[in-house]
Amino acid sequence: RDAYLAEHPYCEDHLRIYGQPVPAAEVHHLAPMLDRPDLALNETNLIALCHDCHNARHGKGIGGQKAVPSNRRPPPLHNFMTCEAGNCDW
């Protein structure tokens, strides 16, 4: 976690969507670890996020309150920066 955040210090969603460098505080797994434990430490499955963006990806609001039931959450966004570089595998 610390090594990934050291290499990716800014929230990748804020950079992609708003072009703003907001400090990252969480490392999010694009494919959940429960579904794909083999990708747990694979950097192509990781994205650095701020707390708010991490909560949003998990369907939670400010302060961690659930915004939508877990069975109705939208699928996570894929890291388009990796895909743009031609490394798409989905």
Side-chain angles (χ1 to χ4, degrees):
R1 178 186 177 272
D2 291 340
Y4 189 85
L5 289 175
E7 290 182 27
H8 304 89
Y10 298 109
C11 175
E12 295 180 53
D13 278 357
H14 268 88
L15 285 173
R16 179 176 54 86
I17 296 167
Y18 306 109
Q20 297 175 337
V22 173
E26 307 280 347
V27 177
H28 177 73
H29 294 87
L30 296 169
M33 285 193 307
L34 290 175
D35 296 338
R36 293 295 307 269
D38 58 311
L39 296 178
L41 299 176
N42 187 323
E43 285 200 20
T44 64
N45 187 46
L46 304 176
I47 185 170
L49 299 173
C50 65
H51 288 297
D52 288 342
C53 287
H54 190 247
N55 283 342
R57 291 242 184 175
H58 282 282
K60 298 177 184 177
I62 303 293
Q65 300 285 333
K66 280 206 181 283
V68 294
S70 60
N71 64 344
R72 296 185 58 202
R73 289 184 204 147
L77 299 173
H78 290 288
N79 185 343
F80 90 100
M81 296 168 102
T82 301
C83 187
E84 267 188 0
N87 298 325
C88 296
D89 61 358
W90 59 83

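Excluded from the calculations below are hydrogen atoms, water molecules and symmetry mates; all remaining heavy atoms, backbone and side chain alike, are included. Small disclaimer: the values here were computed from a predicted structure and weren't measured.
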>> Let me confirm one number: the SG-CD1 distance from C11 to I47, rounded to the nearest 0.5 Å.
In response: 7.0 Å

> If we only count heavy atoms from C-beta on, is the L30 to R57 side-chain gap below 4.5 Å?
Replying inline: yes

>> For C53 versus D13, what's the shortest heavy-atom pair and its separation?
In response: SG-CB, 3.9 Å

> How many angstroms lie between atom CZ of R1 and atom CG of L46, to the nearest 0.5 angstrom?
Replying inline: 12.0 Å

> About how many Å separate CE of M33 and CG of L41, when rounded to the nearest 0.5 Å?
Replying inline: 8.5 Å

> Between H28 (side chain) and L49 (backbone), is there a donor-acceptor pair under 3.5 Å?
Replying inline: no

> Taking the six-membered ring for Trp, are Y4 and H8 parallel (under 30°), tilted (30 to 60°) or perpendicular (over 60°)?
Replying inline: parallel

>> Quick check: closest heavy atoms across A6 and P9, and the distance to 0.1 Å?
In response: O-CD, 4.1 Å

>> Could you measure the distance from the CG atom of N42 to the NE2 atom of H29? Nearest 0.5 Å is fine.
In response: 9.5 Å

>> Please give me the minimum heavy-atom distance between A48 and L5, naming the atom from each residue.
In response: CB-CD2, 4.0 Å

> To the nearest 0.5 Å, what is the distance between NE2 (H14) and SG (C50)?
Replying inline: 5.0 Å

>> Has N45 got a side-chain atom pairing as donor or acceptor with A31's backbone, closer than 3.5 angstrom?
In response: yes

